[in-house]
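Let me begin by presenting the structure, written as structure tokens, before commenting on it.
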Amino acid sequence: MRKEMETGFVAVEKIGGRSTVTRCFSKYPLKFIIPRKVGSSITDAVWIYSLTYGGGIVSVYKSVGSKCSEQVLEARIGSNALLAVIPDPVTCFSTARYSQKQVFRVFSDSCLVIVDWITSGRHATGEKWDFELYKSSNHIFLDDQPLFLDTVLLEQGSVSSIAERMKDYQVIAMLVLLGPTLKHIQNQVQEDVKRMMSEQLRFPSTATGRHRSSDHRLLKPTFIASCSPFGPKGIGIVVRIAAMTTESVYSFLRHQLAGMEPLLGVPPYG
């Protein structure tokens, strides 16, 4: 975060063979919390919790005119370093207008995990896709060359609302895994997604195991996922998800990222 509007900066470097926070600055409405120890003492990882005033970005709660709340994250991941951005989902209140941009600069042996997801809103108050606008951009640059450029845009339209376009799906999510250290996790995720969707989309069958032509109408899957490689020699993968419940996405992330426990000290979403 190097612009005039910056509100925080954190630097992590190797000091005496251990990853250490060498600089940390934040100002209202942003606050960083850096616990001294997370998980096993043999794990070389620094955990950083990013908090905002009131537990959210104030202007997201209620938009004023055409104004839009914005959040920007810029990160540079060094050689042989790992950054994992694993937040809880964004939940926009009714009429909110929210935009976020995340820019990551990596080297060929850097590792990066990005979880980026949004729920339809506060279900307890009956809000489902009631916000005005949501935009999320994730840009990854390898040696300062574009590697992965992605934007999700949800905006109320004059012809159809977000809720009408999303049907019964209440969560959309994206998971990015990049780098050589995460290759075994990438392979496992690809196999799991392939297996899950093969089972979900399998045609109903009779007791004899034969498909009936009258049963070719599929029930709407409650959880849909796709997985695609990207970058030179497939150094990264991106998983995209649409689900009917937040709990099912938490369960998926918890299972797929469990293999990161040796790197982070504790399993994400554990």
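Remember, it's a predicted structure, so these values are computed and weren't measured experimentally.
Cluster annotation: Phe131 is not connected to Leu133 through the hydrophobic network of ILVMFWY side chains, with a link wherever side-chain heavy atoms come within less than 4.5 Å. Hydrophobic clustering of Ile, Leu, Val, Met, Phe, Trp and Tyr side chains at less than 4.5 Å, counting indirect connections, unites Val90 with Tyr49. Residue Tyr250 is grouped with residue Ile224 when hydrophobic side chains (ILVMFWY) are merged at heavy-atom distances under 4.5 angstrom, including chains of intermediate members. Side-chain heavy atoms closer than 4.5 Å link hydrophobic residues (I, L, V, M, F, W, Y) into clusters, and following such links, possibly through other members, connects Val249 to Met197. No continuous path of ILVMFWY side-chain contacts below 4.5 Å connects Leu149 to Val176, so the two sit in separate hydrophobic clusters.
Contact check for Phe107 versus Asp143: side-chain heavy atoms found under the 4.5 Å cut-off. The shortest side-chain heavy-atom distance between Leu30 and Ser50 falls under the 4.5 Å cut-off. In this structure the side chain of Trp129 never reaches within 4.5 angstrom of the side chain of Glu164, judged on heavy atoms. Taking the side chain as every heavy atom from C-beta outward, Met260 and Leu82 approach each other to under 4.5 Å. Using a 4.5 Å cut-off on side-chain heavy atoms (C-beta onward), Asn138 and Ile114 make contact. Contact check for Leu257 versus Val115: side-chain heavy atoms found under the 4.5 Å cut-off.
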For residues 226-244, which side-chain N or O atoms pair as donor and acceptor with protein atoms under 3.5 Å away, sequence neighbours left out?
| unit_1 | atom_1 | unit_2 | atom_2 | d |
| --- | --- | --- | --- | --- |
| Arg240 | NH1 | Asp150 | OD1 | 3.1 |
| Arg240 | NH2 | Asp150 | OD1 | 2.7 |

In a table with atom names and distances, give each donor-acceptor pair under 3.5 Å that connects a side chain of residues 165-175 to protein atoms at least two apart or in another chain.
| unit_1 | atom_1 | unit_2 | atom_2 | d |
| --- | --- | --- | --- | --- |
| Arg165 | NH1 | Ser160 | O | 2.8 |
| Arg165 | NH1 | Ser160 | OG | 3.4 |
| Arg165 | NH2 | Glu155 | O | 2.6 |
| Asp168 | OD2 | Lys220 | NZ | 3.3 |
| Tyr169 | OH | Pro221 | O | 2.6 |
| Gln170 | OE1 | Ser120 | OG | 2.6 |
| Gln170 | NE2 | Asp168 | O | 3.2 |

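Without hydrogens or angle criteria, Gln188 side chain to Gln256 main chain gives no donor-acceptor distance under 3.5 Å. Proximity of a side-chain donor or acceptor of Trp47 to a complementary backbone N or O of Leu264 within less than 3.5 Å is detected. At distances below 3.5 Å, at least one donor-acceptor pair connects side-chain atoms of Glu127 with backbone N or O atoms of Ser94. Remark: side-chain polar atoms of Ser110 are paired, donor with acceptor, to backbone N or O of Gly78 under 3.5 angstrom. With hydrogens and angles disregarded, no donor-acceptor distance shorter than 3.5 Å links the side chain of Thr22 to the backbone of Glu13.
Taken from CG in Leu83 to CD1 in Ile48, the straight-line distance is 8.0 Å, to the nearest 0.5 Å. If you take CZ on Phe93 and OG1 on Thr91, they are separated by 8.5 Å, rounding to the nearest 0.5 Å. If you take NZ on Lys135 and CZ on Arg97, they are separated by 11.0 Å, rounding to the nearest 0.5 Å. A distance of 10.5 Å separates CZ in Phe104 from CD in Glu74, rounded to the nearest 0.5 Å. Atom CG of Asp130 and atom CD of Glu132 lie 9.0 Å apart (nearest 0.5 Å).
Minimum heavy-atom separation, Cys24 to Val10: SG-CG2, 4.1 Å. Taking every heavy atom of both residues into account, Pro180 and Ser108 meet most closely at CD-O, 3.9 Å. A pairwise comparison of heavy atoms in Leu263 and Ala45 identifies O-CB, 3.5 Å as the closest pair. Closest approach of Thr246 and Pro89 over heavy atoms only: CG2-CG, 4.4 Å. Between Gln156 and Ile162, the shortest heavy-atom distance links the atoms OE1-N, 3.0 Å. The minimum heavy-atom distance between Leu182 and Leu178, with the atom names listed, is CD1-O, 3.5 Å.
Atom NZ of Lys183 is surrounded by more than 12 heavy atoms from other residues, nucleotides or ligands within 6.0 Å. Within 6.0 Å of atom CG in Leu153, more than 12 heavy atoms from other residues, nucleotides or ligands are found, so the atom counts as buried in its surroundings.
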Could you go step by step and tell me if Ser248 and Thr222 meet the side-chain contact (heavy atoms from CB on, under 4.5 Å) rule?
CA-CA 9 Å; Ser248 65; Thr222 59; over 6 Å; no

Test Lys101 against His139 for side-chain contact (heavy atoms from CB on, under 4.5 Å), laying out the working first.
CA-CA 8 Å; Lys101 183 176 182 179; His139 295 173; 3.7 Å; yes

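When the salt bridge (Lys or Arg N to Asp or Glu O under 4.0 Å) test is applied to Asp144, the partners found at least two apart in sequence or on another chain are Arg105. With sequence neighbours excluded, the residues satisfying side chain to side chain donor-acceptor pair (under 3.5 Å) with Ser79 are Asp109. The salt bridge (Lys or Arg N to Asp or Glu O under 4.0 Å) search around Asp192 returns Arg195, not counting sequence neighbours. When the salt bridge (Lys or Arg N to Asp or Glu O under 4.0 Å) test is applied to Lys14, the partners found at least two apart in sequence or on another chain are Asp44.
Ring geometry for Trp117 versus Tyr269: interplanar angle over 60°, hence perpendicular rather than tilted (30 to 60°).
Here the two rings, on Phe252 and Phe223, have centers that are under 6.0 Å apart.
Between the side chains of Gln100 and Ser136, at least one donor-acceptor pair of N or O atoms lies under 3.5 Å.
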